[in-house]
Amino acid sequence: MIARIPARTSLESAFPAAMLSAVGTKESWRKEVHRPATSTHKWWAKRLGTVFRGIIASAVTAAEQDAASAYASALDLAGAVVLDPFSGSGVTGVEVLKLGGKPVCFDINPVATLVQRQAMQPWDMGDLVAAYEEIESACRGEVDRLHRTEDGRTVLYYFWVATVECPECSDKVRLFDSPVFSKNAYPKRVPRAQIVCPQCLAVKTGRYDFVSETCPNGHDITQRGAVRGQRATCSRGHTFKVVQALNGTVPTYEMYAKMVANRDGSKGYEPVTDWDRALYDECVRLLADLPDDAVLPLGDLAPGNNTDQALKWNFRQWRDFFNARQLVSLSLIATAIRDLPGATAEREALAALFSGTLEFNNLFTSFKGEGTGAVRHMFSHHVLKPERTPLEAHPWGTPQSSGSFSTLFKSRLQRANEYKVRPADLVTRRADVQRVTGLAQPLAATIFDSWEEFAQAEGQAAYVATKNSADTDLPDGSVDLVVTDPPYMDNVYYAELADFFHAWLQGIGPYDSYARTQTTRALGEVQNADPEAFGKAIEAVWSECARVLKPGGLLAFTFHQARISGWVQVIESLRRAGFVVTAVQPVKGEMSTSVVKTGSREPSNLDSVVVCRRVVDGAANPNRTLDEARATAREELARLRGAGVEVGAGDIRSVVRGSLLANLASARRELDEATAVMVDELATETIEEFASIVPTAQMDDAALF
């Protein structure tokens, strides 16, 4: 069966990158607003739905036709099968369903599969609200009781500080880096701040930039806390490494302040009292007395790139990430969800909602400050970074809360449902990016977990499964198009972080086939810091894609890699799998201010869309020489920059690398170390050529043009 892909597509020769970069930029600032169906739960490297809609639309639009118009129309894929072998949060699947296609979404991680299922399947809102209220009836009263003051007011947040003993004198050291524990997000406008005395934990109001203060008990307070970086200093002047002072145990935490919801609707800061401490001690006893079948986090941390920091602080089990009150409260909610009757989509949605709540309710969160969302979630650094001054939030929450089960029910599930019923898309009209409806079909897919059932299904359907995409049950020649975003070689190891959620989810069982393994780490994961291992793993997936593609089918994926070895392995793996690159198209990627990207030497704003066809179908790289390949890359980048899109040095290097390596691979050149050096020299020349066109005054330290 022949694929529904033109012999030459707009994706390969007339890709509307500037338009997609404009709509993608708007989406990137508020993904949860513009694409809420894929924002019901944390997943990493979530791509832009606008860009993926554009990739799909361009892939089914002939080169001589207008892909931008196709993007902004009610395009109908008429049941075309589109595979995403690295499905992540389900962006590809959602965009395919909206365009009338049939998505096949595989990911090796079960947490990702859970997120995808929420994005694509419908919910009955009456049933969802009823199930939510059943959970509320089962546990909210007790959760509220454990988060209250002596006079019955609700405590929104408790403030804690980690403590260690000085190795030399056994002096207790509270690990504050500053006594200012709360200030406004814009402190110069609103200088009012909350200050804690590191000696006695008394709380007072002052300015964020105070020089010296005296606490209510007469102690002098300065701006400097006991901690600087990895070292701390005790009151007697001994300096030591914090990790060494832990002496093989997790930190001891001390509660020192709380934010209270007053009866008049205001919020206030108060010191912790003996009554608060007694209430917490009760939680310790309640935790010990929980029934044996209560849902609690299971499993141990294993060494890894993203877990080693937590292990150095002696966090050994996932339950170590929570204090006693958090474990009791979260267990009550999780157990109530587990005990909901039936394997319904609504029960599953509430399980995913609970899992999403976890990232805001643990010992690795912190306080962001006034004038913004209060809770800084635990994955803000993309690693499991221990927090010296954790924030404990009310997990059920109130309308004044941040990151709670009740508030996320509204901001995530209700918003996602509204979007599923009436999807909206961002389009450019009259030089402005507008949000419009009517260009997409509602999201109401029946989810299947086998090809046989999926292939026979009528109506809107999606094949969504936790699967190693190198070994699938798809028949030969069954897929029209492959669109994906593969893992980078060595940035964020998703399974290491996803285990935090899985530790709870395996006890809830969101849906019948959800994995009950102790970890989400699995054989066949593509991410690997070793270039050769990465190349072999991703080659296996590309080979499977080549097998299942119909004649004339197309593979397109977004990619960006700081290390050239990552590019080399991707291009080599494609060649070994029987693909040839027919285009490398730069387009807007995730936010240019993301932590991962700003940490690089050459920050970037763009992704490369790598377009491939099978050699057996007669495909060839369109550039006859290396110079021609570099000229094509320059033209694409210049076109974007001319349209006002930021093009950074990292973007130029990445696009030129991909284009040149693809051309060399098609010419059967060996991509060895000498070749890589030559390619990078040409990339550097291209960066310098771009820089020479722009006045120096317009260039900043990040080399953005």
Side-chain angles (χ1 to χ4, degrees), residues 140-164 171-176 178-183 192-206 210 213-221 225-226 235 251-289 322-330 332 361-363 365-367 369-370 374-375 387-398 400-402 404:
R140 182 179 178 180
E142 179 67 352
V143 175
D144 279 345
R145 186 185 73 81
L146 300 178
H147 297 78
R148 65 183 176 94
T149 62
E150 189 172 5
D151 60 5
R153 290 171 297 152
T154 298
V155 177
L156 300 173
Y157 308 105
Y158 293 99
F159 296 83
W160 294 75
V161 61
T163 70
V164 296
D171 183 33
K172 182 166 78 170
V173 181
R174 294 173 174 128
L175 300 181
F176 291 110
S178 168
V180 176
F181 69 92
S182 173
K183 61 183 179 182
R192 180 186 175 95
Q194 300 298 317
I195 301 166
V196 61
C197 174
Q199 294 185 61
C200 67
L201 300 183
V203 173
K204 67 173 298 182
T205 301
F210 77 94
E213 286 278 2
T214 301
C215 88
N217 295 321
H219 300 124
D220 294 331
I221 308 174
S235 62
T252 300
Y253 293 95
E254 196 170 3
M255 184 169 43
Y256 65 89
K258 56 184 182 283
M259 182 192 289
V260 177
N262 294 315
R263 293 186 175 90
D264 62 1
S266 65
K267 295 181 289 187
Y269 295 88
E270 297 178 7
V272 164
T273 66
D274 287 341
W275 193 91
D276 297 314
R277 297 185 186 95
L279 180 61
Y280 183 79
D281 289 341
E282 181 187 352
C283 293
V284 175
R285 296 190 295 273
L286 288 171
L287 177 61
D289 293 337
F322 307 88
N323 69 27
R325 178 163 38 216
Q326 289 172 329
L327 285 171
V328 170
S329 301
L330 292 169
L332 290 171
N361 292 272
N362 59 77
L363 292 174
T365 62
S366 58
F367 189 58
E370 298 281 2
V375 185
E387 177 57 49
R388 295 189 300 264
T389 53
L391 181 75
E392 180 193 354
H394 190 312
W396 187 274
T398 75
Q400 295 172 291
S401 296
S402 174
S404 68

Can you list everything that forms a side chain to side chain contact (heavy atoms under 4.5 Å, CB included) with Arg388? Sequence neighbours excluded, please.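 Applying side chain to side chain contact (heavy atoms under 4.5 Å, CB included) to Arg388 gives Leu175, Asp177, Val227, Trp313.
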Apply side-chain hydrogen bond (donor to acceptor under 3.5 Å, both in side chains) to [X] and list each qualifying residue two or more places apart in sequence or on a separate chain.
X      : result
Thr389 : Glu387
Thr149 : Asp151
Asp274 : Arg277

Look at the side chain of [X] and the backbone N and O of [Y], then say whether any donor-acceptor pair between them is shorter than 3.5 Å.
X      : Y      : result
Arg140 : Trp396 : no
Asn262 : Asp264 : no
Tyr157 : Ser402 : yes
Ser329 : Val143 : no

Please evaluate residues Asp144 and His394 with respect to the criterion side chain to side chain contact (heavy atoms under 4.5 Å, CB included), reporting the C-alpha separation (whole Å), side-chain torsions for both, the decisive distance (0.1 Å), and the verdict. CA-CA 8 Å; Asp144 279 345; His394 190 312; 2.9 Å; yes
Solution key, residues 252-260 side-chain donor-acceptor pairs under 3.5 Å, sequence neighbours excluded:
residue, atom, partner, partner atom, Å
Glu254, OE1, Lys172, NZ, 3.2
Glu254, OE1, Arg174, NE, 2.9
Glu254, OE1, Arg174, NH2, 3.4
Glu254, OE2, Lys172, NZ, 3.4
Glu254, OE2, Arg174, NH2, 3.0
Lys258, NZ, Pro271, O, 2.7
Lys258, NZ, Asp276, OD2, 2.7

Students often mix this up, so state it plainly: with edges at 30° and 60°, are the rings of Tyr269 and Phe367 parallel, tilted or perpendicular? perpendicular
Please work out which of the three classes, parallel, tilted or perpendicular, describes the rings of Tyr158 and His147, given edges at 30° and 60°. tilted
For Tyr280, what residues pass the ring-ring contact (aromatic ring centres under 6.0 Å, His included) criterion, not counting sequence neighbours? Trp160
Distance in Å, His219 NE2 paired with Asn217 CG, rounded so as to fall on 0.5 Å steps: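 It is 6.0 Å, given to the nearest 0.5 Å.
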Value rounded to 0.5 Å, distance of CD in Gln326 from CG in Leu287: 11.5 Å
Does atom CZ of Arg192 have more than 12 heavy-atom neighbours from other groups under 6.0 Å away?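 Not more than 12 within 6.0 Å, no.
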